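Bear in mind that the values here come from a model prediction, so they are computed numbers and not experimental data.
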Amino acid sequence: LNMSSFSFFSPGSGKGRKSSKGNAGAGSAGGLTGTLTVHVLSASNLKACDKNGLSDPFCVVTPAATGEVKPKKAKTIVVKKTLNPEWMECFVFHVEGAESIHFTVKDWDFGLRNDICGHADLDLTKLDLQSQSQHSLCLPLTDVGELRVLLEFADSSCLFGLDVQSVCRNEGSSVPIIVTKCIEAVESHGLDHVGIYRVPGSKAIVDQLRDAFIANSAAVEFEDDAVSDINNVASLLKLYLRELPEPLFTDALHQHFLDSMSGTAEERQEKMLSALGKLPQAHRNTVCALFRHLQKVLAHKDSNKMTEQNIATCFGPSVLSPSDNHNAGSSLSLDLMKKQNDVIVYLLEHPEVLAEASAVDSPQDGEEDIAVFVGHGVRDRMRSKARILFEKYDKDQKGVLDFEAFRMLSYDMGFYISTTDVHEFQTMDAENKGFISWPQFKAWWEERGNRYQLSVERQQALNQAAAYFQYFDEDGNGCLSEEEFKAFHADLRKHGYAVEDDVQHCFRALDTDGDGSVSYNEFVTWMVLNGHV
C-alpha cells in the first residue's frame, strides 16, 4: 500500500468519530443514498489480545442509515497471529440515508467471546463524496492502532455509469426504465426508419434527454422534438449502454460468450444457454429485452436497412466488449470484433434461445455459514480480489508471478495446487519463461470458472472456504495434519456442521487418499457433498 495516498482522519481535525446530521457537502440532508463500496484494506499497531502478544483480527463494517431498508453488517476474514493484518476485502452496500459507518476490529477467540481490538466511526457527511467519489482514509482506532479503508460512492441518481443491478434495485424494476422507454419509443416510431441505431441523433437533444432521465426516469415522457427524429432516442439508448461500468454480458462471462460460437448447432445452443444462465438476473432481463427488440428491428430490415451485421456493429462494442476496452475507448482487434459480432448475430437469429433463457431464474446470493471467516458476499468482485492478491504476491512489483507465488494466490482464491501439479502453470506459461503476468492469470482464472461451470457466487464460496481452512493450516502447505485437524474438527462441531463425534474417525473419513493428512481439496469435496458449498 502507498501510505502517502491515505488521508489521516482524527477527531481533532473535525472529521470524525461522531455522526452529525446535515449536508456538509456529502449529499442530501437525509444522508447518502446510492451504492457505497467499502474496501477494508489493512490495520496496523493493533492492541494485543492474546497471551502471546498478538491477535487474530477481523473487521466488522456497519453502515448507519435512516432508510427503511437497513444494510447488513459485513465482516472480513480472520488473519492469524498479527497486529498488522492485511484483509484486502471489498463490500458493497446499497444505502438509503447513510450518515456514518462503524468499524470494529475484533480478535477471534476459538470457543470464546471475541475481544475488541478497537473501533472507529466515520462521519460520511464530512466527506465530499459527490464531487470526489473515492477516498483513501486512515482511521485512528480507540486505544491504539489505525485502520486503512478506501470508500467509493455512486449516487443512485447517477443513472449513467451506475451498474445495471443497482439501477434496477433503486427503481424497483426488472429492466432499467430508460431501456424500456427507449425500446417502446423506437418500436412506436422508428422500426421503419432508415439507419435506426446507425445514424446519430442531435447531441443537444440527447443530452437533454439524459439529464431528464437522471432527474427522474419514471417521469420522462418523450416529447415531439425527441421522437420527430427517433435517432435521438436510439442514440440515448446506445449512450446508456456504452456508459455502463460493466457491459451487459459482463466481464466474467465475456470469453464464455465468445467460446459459445464453436461446435455443432446443438453445442452452440447449449453453451449460449449456459452463458446466459450465469448472468446476474438484472443483466439477463435486460439482455433479453434488448434483443427481443433488436429482433423486431431486424424484421423490418427491408425498410430500415439494418441487417444482422449492421446491428451487431452498432451494439457489439457497447454490450459485449470487456470493461478495459468498454470504458477506456480502446480500439478492438478485428478478430475480437468479428467474434463479438458473431455472438450478436446468433442471438438475433435464435429467438428460441432468448425465450428459454428468459424462463430461468439466476441463483440468489445465500447467507454464508462459515462463522466469522466469511464476509457478506460481494457479487462480481472476485476479479478485484484476485488483482489485489496478485499484487500482494508480486513481491518485487515486476508484474509477474513465479510458480510458488501462483500456488499461494490460487490457494487464497480457493483453488489449491500442489507443488507437483505444474500443468495449470505451464498452460499459462506457454513460452516457458518461468513466470506469468496478470492478464495471463486473469484469463486462466475466468476460463477455469467456465470449465468447471462455476458461478461467481460459487467461486466466492470457495474463496471463503479457503480462508476458513487456512486458519487451521499452520504451515500453509494446503493440508491439515492430525494434530491441526483436532482444532478444525472442534470448530466444525461448534458451528453446527454434521461431523462425527470421534475426531480420529472423522479424520480418516475426510482423508480419502489415505496419506495421513486432510488436504484443502478433500475438505472442499466434503463440503460440497454435504451441501455446505
Side-chain angles (χ1 to χ4, degrees), residues 35 92 94 154 156-187 190 196-197 209-210 213-214 217-218 220 233-254 256-257 260 272-298 311-312 314-323 326-327 340 343-348 350-365 379-380 455-457:
T35 302
V92 176
H94 302 284
S156 62
S157 66
C158 296
L159 171 67
F160 286 75
L162 192 62
D163 65 278
V164 172
Q165 294 179 88
S166 296
V167 170
C168 291
R169 185 181 295 106
N170 294 336
E171 295 177 344
S173 60
S174 59
V175 175
I177 291 173
I178 186 173
V179 174
T180 301
K181 290 194 173 185
C182 287
I183 285 175
E184 290 173 350
V186 171
E187 291 183 359
I196 187 68
Y197 290 117
L209 294 174
R210 181 181 187 274
F213 273 97
I214 289 174
S217 293
V220 172
V233 177
S235 294
L236 178 68
L237 177 57
K238 290 199 299 178
L239 176 65
Y240 171 73
L241 296 173
R242 190 166 61 247
E243 291 193 5
L244 288 173
E246 184 177 36
L248 275 183
F249 287 85
T250 74
D251 290 329
L253 295 171
H254 177 259
H256 198 170
F257 278 105
S260 69
M272 178 60 73
L273 284 170
S274 173
L276 289 170
K278 292 178 181 177
L279 285 172
Q281 189 75 55
H283 282 253
R284 182 145 45 83
N285 291 342
T286 306
V287 165
C288 290
L290 176 64
F291 277 84
R292 283 194 295 267
H293 164 65
L294 293 177
Q295 287 166 356
K296 294 179 182 179
V297 173
L298 180 62
I311 294 174
C314 288
F315 282 91
S318 298
V319 302
L320 198 51
S321 294
S323 295
H326 186 67
N327 293 331
Q340 291 183 168
V343 174
I344 304 299
V345 170
Y346 181 88
L347 290 174
L348 291 172
H350 292 82
E352 72 282 0
V353 173
L354 286 176
E356 186 169 346
S358 300
V360 180
D361 289 331
S362 294
Q364 299 298 310
D365 293 328
R379 188 181 174 90
D380 298 331
S455 66
V456 175
E457 292 83 359

For a side-chain contact (heavy atoms from CB on, under 4.5 Å) check, start with the C-alpha distance between Leu159 and Glu243, then their side-chain angles and the critical distance, and finish with the verdict. CA-CA 10 Å; Leu159 171 67; Glu243 291 193 5; over 6 Å; no
With rounding to the nearest 0.5 Å, note down the distance linking CD in Gln295 to NE2 in His350. 10.5 Å
Could you check if a side-chain atom of Pro351 sits within less than 4.5 angstrom of a side-chain atom of Arg292, using non-hydrogen atoms only? no
Using a 3.5 Å distance criterion without hydrogens, assess whether the side chain of Arg210 forms a donor-acceptor pair with backbone atoms of Leu236. no
Nearest 0.5 Å, what's the CD1-CG distance between Ile311 and Leu347? 12.0 Å
Strictly distance-based, threshold 3.5 Å: is any side-chain N or O of Gln340 a donor or acceptor partner for the main-chain N or O of Phe315? no
Leu320 to Val343 - nearest heavy-atom pair and separation: CD2-CB, 3.8 Å
Non-hydrogen atoms of Pro247 and Ser321 that approach each other most closely: CG-O, 3.0 Å
With the side chain counted from C-beta on, respond yes when Pro176 and Cys168 share a heavy-atom pair under 4.5 Å apart, and no when they do not. yes
Is there a donor-acceptor pair closer than 3.5 Å between any side-chain N or O of Lys238 and the backbone N or O of Tyr197? yes
Gap separating the OG atom of Ser260 from the CG atom of Leu273, nearest 0.5 angstrom: 9.5 Å
Spell out, as yes or no, whether a donor-acceptor pair under 3.5 Å connects the side chain of Glu246 to the backbone of Asp251. yes
Note: Ser217 and Lys181 closest approach over all heavy atoms is O-NZ, 3.1 Å
Any donor-acceptor pair under 3.5 Å linking the side chain of Thr286 with the backbone of Ala282? yes
Between the CZ atom in Arg284 and the OG atom in Ser174, the distance rounded to the nearest 0.5 Å is 12.0 Å
Step-by-step side-chain contact (heavy atoms from CB on, under 4.5 Å) determination, Ile344 to Val319: CA-CA 9 Å; Ile344 304 299; Val319 302; 3.9 Å; yes
Value rounded to 0.5 Å, distance of CG in Leu244 from CG in Leu239: 10.0 Å
Side chain to side chain contact (heavy atoms under 4.5 Å, CB included) partners for Thr180, two or more places apart: Val175, Glu184
Sequence neighbours excluded, the answer for side chain to side chain contact (heavy atoms under 4.5 Å, CB included) partners of Glu187 is Ile183, Leu191, His293, Lys296
Where do Phe160 and Val167 land on the side-chain contact (heavy atoms from CB on, under 4.5 Å) test, with the steps shown first? CA-CA 9 Å; Phe160 286 75; Val167 170; over 6 Å; no
Side chains of Val297 and Leu348, heavy atoms from C-beta outward: is any pair under 4.5 Å? no
Distance from Phe213 atom CZ to Cys182 atom SG, nearest 0.5 Å? 5.0 Å
For Val287, enumerate each residue passing the side chain to side chain contact (heavy atoms under 4.5 Å, CB included) test, keeping only those at least two apart in sequence or located in another chain. Leu248, Phe249, Leu276, Leu279, Phe291
Taking side chain as C-beta onward, heavy atoms only, is His256 less than 4.5 Å from Leu253? yes
